[in-house]
Amino acid sequence: MDKMQQKWAAETSTQSPATADKIKKSGHHRFCVAPMMDWTDRHCRYFLRLISRHAFLYTEMVTTAALLHGDRDYLLNFDPAEHPIALQLGGSDPQALAQCARFGSEAGYDEINLNVGCPSGRVSAGRFGACLMAEPQLVAECVATMQAAVDIPVTVKHRIGIDDLDSEAYLHQFVATVAGAGCTRFIVHARKAWLQGLSPKENREIPPLCYERVYRLKQAFPHLEIILNGGLTSLDACREQFTQVDGVMVGREAYYHPWLLSEVDPILYGKRPAVQSPHEVIAQFLPYVEANLSAGTPLQAMTRHILGLFQGRPGARAWRRYLSEHAHRPGAGVEVICQAADQVSKI
């Protein structure tokens with residue numbers, strides 16, 4: 001650690017000792033499911049919670065404009081079974097973020113997370129997401145204002161850099177500045193983002209992963225909780241990270257192969273598995289589906305999230321095909337899920 005890093009560490013290590021101690025003792029963030037736009041809605045999260053009781057779940061990003069001017073109850077609604085769960089906010093106005101953090105806290109969320117990682121052009125045009133890495137003082141002001149408004153942790157998810165602001169020194173300066181405002185948990189996507197020239201999908205694939213930079217960030221700031229995000233596709237790969245960082249966050253792999261979460265509780269948390277088979281998940285999911293159907297939710301809004309349940313197992317294709325062909329039909333009910341499961345059982 002060079003002299004500048006020592007200075008940053010000294011300045012940030014005294015920021016919120018009680019909060020930092022509480023966060024580190026929780027252990028909840030050993031395995032997190034990433035916030036994913038249009039994917040990690042409440043139906044997806046409830047389904048994933050059936051497979052793992054201990055993984056920390058994140059909402060898809062909700063903008064401050066949507067919460068302040070839209071259907072707040074709908075946007076914040078979640079099932080109590082989803083705990084532990086964080087609300088991810090998108091915005092850059094400190095006062096608006098503080099108000100929305102209060103909404104989230106009052107709704108019962110366990111954490112408020114600020115999105116400083118989304119590289120979408122539309123998001124950048126709104127002056128939030130990854131572009132905020134260029135404004136560490138503003139991010140720090142947002143964090144401080146939110147933390148003053150709520151009693152739950154306020155955390156930040158960000159990249160290792162953006163565009164030409166991608167040096168290791170800049171990353172450390174960014175984290176030190178935000179930590180100085182009281183943030184003690186950072187979720188770090190181990191890729192830089194190009195805000196010009198690459199799509200969000202390309203920004204998840206083209207910039208190379210650099211886990212070592214995240215490891216050195218943790219070494220420079222040992223008092224902070226650092227969660228590694230990006231490119232993790234197996235529990236073995238996740239477990240290997242625990243010698244370097246405090247936890248991991250998995251995104252699309254958890255969505256496309258949700259049964260991966262069945263081993264999270266016993267392998268990463270030392271707890272009993274939540275379920276023994278995909279069919280047990282289906283049985284537990286059916287009452288939730290029935291209740292939401294009665295409330296007017298279309299079946300396809302829920303079944304679209306469970307298509308990968310049998311991924312890698314015999315019958316996975318028949319399961320996906322049956323749901324895709326029947327769940328969208330008018331009047332479709334839980335019998336569609338049962339019949340799709342029967343397709344799997346016959347193979």
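In this chain, numbering begins with 1 at the start of the sequence shown.
Between His83 and Tyr109, the ring center distance fails the sub-6.0 Å criterion.
Side-chain contact between Val33 and Tyr255 is absent, with no heavy atoms from C-beta onward closer than 4.5 Å. In this structure the side chain of Cys183 reaches within 4.5 angstrom of the side chain of Phe186, judged on heavy atoms. With a 4.5 Å cut-off on side-chain heavy atoms, Asn113 and Leu89 do not count as touching. Contact of the His158 side chain with the Leu171 side chain is registered, since non-hydrogen atoms from C-beta on lie closer than 4.5 Å. Counting heavy atoms from C-beta outward, Pro258 and Leu48 have side chains that approach closer than 4.5 Å. Taking the side chain as every heavy atom from C-beta outward, Arg252 and Met36 approach each other to under 4.5 Å.
Nearest heavy-atom pair across Ala237 and Leu232 is O-CD2, 4.1 Å. Pairing each heavy atom of Ala332 with each of Ala327, the nearest pair is CB-O, 3.6 Å. In this structure, Tyr170 and Pro136 approach most closely via the heavy-atom pair OH-CD, 3.4 Å. Leu132 approaches Phe174 most closely through the heavy-atom pair O-CE1, 4.1 Å. Annotation for Asp110 and Pro153: closest pair O-CD, 3.4 Å, computed over non-hydrogen atoms. The minimum heavy-atom distance between Pro35 and Thr59, with the atom names listed, is CB-O, 2.9 Å.
One distance of note links OG of Ser120 with CG of Asn203; it measures 10.0 Å at 0.5 Å rounding. Rounded to the nearest 0.5 angstrom, Leu307 CG and Tyr322 OH are separated by 14.5 Å. With values rounded to the nearest 0.5 angstrom, Phe285 atom CZ is found 5.5 Å from Ile306 atom CD1. The distance from the NE2 atom of His172 to the CD atom of Gln219 is 9.0 Å, given to the nearest 0.5 Å. We find the CG-CE distance between Asp38 and Met61 to be 10.0 Å, quoted to the nearest 0.5 Å. To the nearest 0.5 Å, the span separating OG on Ser324 from CZ on Arg304 amounts to 12.0 Å.
Judged by distance alone, with hydrogens and angles left aside, the side-chain atoms of Thr297 form no donor-acceptor pair with the main-chain N or O of Leu293 at under 3.5 Å. Distance alone, capped at 3.5 Å, is enough to place a donor-acceptor pair between the Arg329 side chain and the Glu325 backbone. Judged by distance alone, with hydrogens and angles left aside, the side-chain atoms of Ser52 form no donor-acceptor pair with the main-chain N or O of Arg49 at under 3.5 Å. For the pair Asp163 (side chain) and Leu195 (backbone), a donor-acceptor distance under 3.5 Å is present. At least one donor-acceptor pair under 3.5 Å links the side chain of Asn229 to the backbone N or O of Met249. Of the possible donor and acceptor atoms, none in the side chain of Asp166 sits under 3.5 Å from a partner among the backbone N and O of Ile162. The closest donor-acceptor contact from the side chain of Glu82 to the backbone of Phe78 lies at 3.5 Å or more, if one exists at all. Using modelled atom types, no side-chain atom of Thr40 and backbone atom of Met37 make a donor-acceptor pair closer than 3.5 Å. At least one donor-acceptor pair under 3.5 Å links the side chain of Arg191 to the backbone N or O of Pro207. Between the side chain of Glu335 and the backbone N or O of Gly333 there is at least one donor-acceptor pair closer than 3.5 Å.
A chain of hydrophobic side-chain contacts below 4.5 Å, direct or via other Ile, Leu, Val, Met, Phe, Trp or Tyr residues, connects Leu299 to Tyr46. When hydrophobic clusters are built by joining Ile, Leu, Val, Met, Phe, Trp and Tyr residues whose side-chain heavy atoms come closer than 4.5 Å, directly or via intermediates, Ile187 is not grouped with Val139. Two different hydrophobic clusters hold Ile227 and Leu114 under the rule that ILVMFWY side chains link at heavy-atom gaps under 4.5 Å. Under the 4.5 Å side-chain contact rule for hydrophobic residues, Val143 and Phe221 share a cluster. Leu57 and Tyr256 fall within the same hydrophobic cluster, where Ile, Leu, Val, Met, Phe, Trp and Tyr residues are linked whenever their side-chain heavy atoms come under 4.5 Å apart, directly or through other members.
Inspection of the Asn115 and Lys157 side chains reveals no N or O donor paired with an N or O acceptor under 3.5 Å. Looking only at atom types and distance, the side chain of Tyr211 has no donor-acceptor partner in the side chain of Gln244 under 3.5 Å away. Defined by atom type and a distance below 3.5 Å, a donor-acceptor pair is missing between the side-chain atoms of Arg321 and Gln343. A side-chain N or O of Arg102 and one of Gln99 form a donor-acceptor pair less than 3.5 Å apart. Checking His305 against Asp41 by side-chain atom types alone, a donor-acceptor pair falls below 3.5 Å.
For residues 60-80, no pair satisfies side-chain hydrogen bond (donor to acceptor under 3.5 Å, both in side chains), with sequence neighbours left out.
Judged by the 6.0 Å distance and 45° axis criteria, Arg45 is not positioned over the aromatic ring of Trp39.
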ring-ring contact (aromatic ring centres under 6.0 Å, His included) for Phe56 and Phe31? Distances and angles first, verdict last.
CA-CA 6 Å; Phe56 206 103; Phe31 185 94; over 10 Å; no
Could you please spell out the steps behind the side-chain contact (heavy atoms from CB on, under 4.5 Å) verdict for Ile51 and Trp259?
CA-CA 7 Å; Ile51 307 174; Trp259 190 245; 4.1 Å; yes
Given side-chain contact (heavy atoms from CB on, under 4.5 Å), test Ile226 with Leu217 step by step and report yes or no.
CA-CA 8 Å; Ile226 304 297; Leu217 181 69; 4.1 Å; yes
Verdict with supporting geometry, Ile282 and Phe310, side-chain contact (heavy atoms from CB on, under 4.5 Å)
CA-CA 11 Å; Ile282 295 170; Phe310 290 94; 3.8 Å; yes
Before giving the answer on side-chain contact (heavy atoms from CB on, under 4.5 Å), spell out for Phe103 and Leu87 the whole-Å C-alpha distance, their side-chain angles and the decisive distance to 0.1 Å.
CA-CA 10 Å; Phe103 292 153; Leu87 170 66; over 6 Å; no
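Taking 4.0 Å as the cut-off between side-chain N and carboxylate O, Arg216 and Glu212 do not count as a salt-bridged pair. Comment: Glu225 does not engage Lys218 in a salt bridge, judged by the lack of any side-chain N to carboxylate O separation of less than 4.0 angstrom. A salt bridge is absent between Asp265 and Arg53: the closest approach of a Lys/Arg side-chain nitrogen to an acidic carboxylate oxygen does not fall below 4.0 angstrom.
Residue Glu111 forms a side-chain hydrogen bond (donor to acceptor under 3.5 Å, both in side chains) with just one option from Gln88, His29, His28, and that option is His29.
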